[in-house]
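In the text below, chain A, chain B and the rest are named by the order of the sequence lines, each starting its count at 1.
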Amino acid sequence: MTNSDTVSPTDFIREIIDADLAAGKNDGRVATRFPPEPNGYIHIGHAKSICLNFGIAAQYGGTCNLRFDDTDPSGESLEYVESIIDNIRWLGFDWEDRQFFASDYFERLYQFAVRLIEAGKAYVCDLSADEIREYRGTFTEPGKDSPCRNRSVEENLDLFRRMRDGEFEDGSHVLRAKIDMASPNIVMRDPVIYRIKREPHYRTGNTWVIYPMYDFAHCLSDAIEGITHSICTLEFENNRPLYDWILDQLLEGDRPRQIEFARLNLSYTVLSKRVLIELVREGYVEGWDDPRMPTVAGMKRRGYPAGAIREFCAQIGVAKNDNLIDVALLEHCVREELNEKAPRAMAVLRPLKVVIDNYPEDVTEEFECANHPQNPEMGTRMLPFSREIYIERDDFQEDPPGKYKRLAPGREVRLRNAYVITYESMVKDEKTGEVVELHCSYDPETKNAPPADGRKIKGVIHWLSARHAIPAEVRLYDRLFQVPNPAAGDDDFTRSLNPESLETLKNCFVEPALRDATPGSRCQFERLGYFCVDSRDSAPDRPVFNRVVALRDTWGKMSDKG
RNA sequence: UGGGGCGUCGUCAAGCGGUAAGACACAGGAUUUUGGUUCCUGCAUUCGGAGGUUCGAAUCCUCCCGCCCCAGCCA
């Protein structure tokens with residue numbers, strides 16, 4: 001599926017699977033699942049889990065199901081289901097016909113709950129939410145039994161049926177597993193497994209007023225689907241005894257096994273669902289697919305290739321250590337793929353006009369340019385040249401620092417794929433003193449050739465023929481947060497937002513070949529970075545480009561240091 | 001505080017009793033019509049700490065320290 005996945009990674013989860021296989025468990029089957037709750041868009045952290053689950057299934061000749069864990073109607077919606085399906089497909093994974101919903105199991109789960117009651121392992125509790133909390137005890141004190149704990153099976157069955165039938169108010173009754181109110185693990189102190197919630201479900205509508213809790217629904221959904229290895233994140237480690245307990249009461253033979261790994265944390269970004277939702281709702285970004293968002297939809301729109309995300313997930317590994325991955329690694333993976341695959345193009349973001357005085361006014365030349373310097377198979381394109389061109393403002397300095405090798409008074413520079421030009425004079429705005437135009441001369445002998453006298457031209461800059469350049473809008477993105485670990489501390493995340501995460505440049509130019517660039521297509525603007533045609537706002541007469549990621553910039557680093 | 005986890009380079013991460021892989025980052029240098037790419041080079045005498053076992057310990061034992069998770073009718 002991916003050329004970068006040639007080396008199968010090894011990690012503690014695969015070691016467990018190897019051992020299970022060696023022990024003859026599950027008849028040699030490996031079945032995983034990715035179980036999102038459809039109450040938000042998936043992000044790069046989910047991508048790690050997706051790559052893990054689908055990757056393991058592929059590696060072991062097994063299967064990976066997509067299952068929506070939709071047991072709490074509040075906040076869940078079809079929009080999220082659809083976005084999740086789209087995003088996983090885009091990431092490059094396929095679950096064939098194995099798309100499931102926990103909500104499709106509601107009737108079976110109900111029957112499992114009835115069996116639990118019949119076995120004397122669950123009871124209907126009348127305590128209020130507050131009372132249940134009080135009865136639960138604390139880390140250091142054991143809990144107390146609910147007064148309802150010893151109801152008869154018959155009464156429990158009757159009450160539970162009436163809960164389902166809608167006879168009771170929301171919150172007036174719950175179904176609880178009867179385990180151990182003195183357990184040192186709070187999860188095991190008679191956990192709630194069903195609650196009454198009169199809220200329409202986006203799939204089952206009003207047919208249910210009771211909904212199973214995660215701990216009850218998840219393990220049984222895994223069992224129903226024949227999952228062998230149920231991979232989840234570390235915060236569920238405390239829940240594993242409950243996962244096993246429920247299955248022990250209800251099932252015999254091979255059972256799914258829960259394995260926990262450390263979730264992804266990314267520097268300078270936040271992956272908390274709560275914060276992501278707030279960023280969208282409060283308008284700090286323009287939507288779930290804002291190119292600054294760490295969502296799969298955002299990264300796709302930004303122009304990150306799916307393969308780069310997969311490669312990133314392979315690179316970071318899987319372990320149980322808390323981690324904070326340097327976002328530079330993600331950017332590295334993006335550059336690595338784009339360097340190989342993105343055709344080169346010319347664009348000027350902050351134009352400065354240059355008149356080449358000794359070049360004829362009515363002439364247009366066309367230069368044949370390679371689409372990729374290292375890969376001739378990517379072909380060539382024609383680039384027009386004329387007397388007036390635009391260069392990048394940054395590529396001229398009146399009083400340049402030491403190692404500057406671009407245009408300056410008295411200097412010469414190579415125009416990429418064209419001639420060597422020499423500075424002659426500049427025109428300044430009388431009021432502001434700003435340089436508004438340059439005059440240069442060109443050396444006709446240097447067309448695609450070094451200067452005849454053998455002198456070395458150090459600098460190469462990009463340019464565009466003013467007459468032929470296509471106006472474009474370019475959006476420069478930077479990290480959304482200014483601090484390395486915005487999730488640390490309970491500070492208001494708003495304060496660590498980067499006010500300069502988006503810079504919109506409206507007066508840019510791109511080469512004519514890009515006039516009709518396909519939305520979503522990517523190229524490298526030479527010397528600037530990788531760019532992607534925005535799939536939402538770009539129009540044929542007015543292309544809009546998103547900067548995917550800048551090129552590595554050793555010069556920028558040097559000059560930053562002074 | 002009771003329970004459950006985790007501590008190996010700046011950041012990830014291999015290592016599974018035989019003497020510290022790799023990646024990113026960083027720093028030098030070479031090549032270059034992208035200050036890109038590519039290519040070399042450097043980057044943990046030491047594995048949270050202290051004891052112990054052993055010919056030999058990041059790996060085994062003991063104690064200590066630090067960080068994360070759990071007291072939703074969320075997942």
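Of all nucleotides listed (B:rA71, B:rG35, B:rA75), B:rA75 comes nearest to the side chain of A:Tyr214. Candidate nucleotides B:rG36, B:rC12, B:rC70 were compared by shortest atom distance to the side chain of A:Arg344, and B:rG36 ranks first. Residue A:Val187 places its side chain closer to B:rC70 than to any other of B:rC70, B:rU33, B:rG15. Side chain of A:Val460, nearest nucleotide from B:rU34, B:rG36, B:rA75: B:rU34. Side-chain proximity of A:Glu237 to the nucleotides B:rG10, B:rG4, B:rU1 is greatest for B:rG4. Residue A:Gln315 places its side chain closer to B:rA23 than to any other of B:rG72, B:rG35, B:rA23. With B:rG2, B:rC24, B:rC12 as the candidates, the nucleotide lying closest to the side chain of A:Leu329 is B:rC24. Of the candidate nucleotides B:rG35, B:rC6, B:rA75, B:rG35 has the atom nearest to the side chain of A:Trp555. Checking B:rU1, B:rA75, B:rU11 against every side-chain atom of A:Phe139, the shortest atom distance belongs to B:rU1. With distances taken from any side-chain atom of A:Val192 to the nucleotides B:rC73, B:rC74, B:rA25, the minimum falls on B:rC73.
An OP1 or OP2 oxygen of B:rC26 is reached within less than 4.0 angstrom by a side-chain nitrogen or oxygen of A:Lys557. A:Lys197 has a side-chain polar atom (N or O) that falls below the 4.0 Å cut-off from OP1 or OP2 of B:rC74. Between A:Thr138 and the phosphate of B:rG2, there is no side-chain N or O to OP1/OP2 separation shorter than 4.0 Å. In this model, the phosphate group of B:rG35 is not approached by any side-chain N or O of A:Arg406 to a distance below 4.0 Å at OP1 or OP2. Contact check, A:Arg136 against B:rG72: a side-chain N or O comes under 4.0 Å of OP1 or OP2. For B:rC74, neither phosphate oxygen OP1 nor OP2 lies less than 4.0 angstrom from any side-chain nitrogen or oxygen of A:Thr71. Remark: A:His332 is in phosphate contact with B:rC24, judged by side-chain N or O atoms under 4.0 Å from OP1 or OP2. Close to B:rA13, at under 4.0 Å from its OP1 or OP2, lies a side-chain N or O of A:Asn321.
A:Asn238 contributes a side-chain N or O that forms a donor-acceptor pair with the base of B:rC69 under 3.5 Å. A donor and an acceptor atom never sit less than 3.5 Å apart when one is taken from the side chain of A:Gln374 and the other from the base of B:rU38. Counting distance only, with no hydrogens placed and no angle test, the side-chain atoms of A:Glu331 and the base atoms of B:rC24 include no donor-acceptor pair under 3.5 Å. The base of B:rG36 does not come close enough to the side chain of A:Arg335 for any donor and acceptor atom to sit less than 3.5 Å apart. If you check distances only, the side chain of A:Arg527 never reaches the base of B:rU34 with a donor-acceptor pair under 3.5 Å.
The shortest heavy-atom contact between A:Leu329 and A:Gln315 is CD2-CB, 4.2 Å. Nearest heavy-atom pair, A:His43 versus A:Leu276, reported as atom, atom and distance to 0.1 Å: CD2-CD2, 3.6 Å.
No option in A:Asp222, A:Asp20, A:Asp244 other than A:Asp20 meets the salt bridge (charged side-chain N to carboxylate O under 4.0 Å, His left out) test with A:Arg257.
Distance noted for atom C1' between B:rC61 and B:rG2: 26 Å (whole Å). Taking atom P on both nucleotides, B:rC65 is separated from B:rG49 by 15 Å, rounded to a whole Å. If you take atom C1' in B:rC43 and the same atom in B:rG29, they sit 15 Å apart, rounded to whole Å. A distance of about 11 Å separates the P atoms of B:rC24 and B:rU37, rounded to the whole Å. A gap of 34 Å separates the P atoms of B:rU34 and B:rA44, to the nearest Å. B:rG22 and B:rG15 are spaced 14 Å apart, taking the P atom of each and rounding to whole Å. A gap of 36 Å separates the P atoms of B:rU46 and B:rG3, to the nearest Å. The same atom, C1', is picked in B:rG48 and in B:rU59; the two are 16 Å apart, to the nearest Å.
Ring-plane geometry between A:Phe385 and A:Trp463 is classed as perpendicular, the angle between the planes exceeding 60 degrees on a 0 to 90 degree scale with a lower cut at 30. Below 30°, between 30° and 60°, or above 60°: for A:Phe106 and A:Tyr211 the angle between ring planes is above 60°, a perpendicular geometry.
Residues A:Tyr80 and A:Phe68 fail the side-chain proximity criterion, which asks for heavy atoms closer than 4.5 Å. With contacts defined as side-chain heavy-atom distances shorter than 4.5 Å, the pair A:Arg416/A:Arg527 does not qualify.
Among the heavy atoms of the strands lying under 4.0 Å from A:Arg414 is at least one base atom, whether or not backbone atoms are also near. Within the nucleic acid shown, A:Ala449 comes within 4.0 Å of at least one base atom, counting heavy atoms only.
Each of A:Asp69 and A:Leu415 lies near RNA chain B, and the nucleotide nearest A:Leu415 is the one positioned closer to the 5' end.
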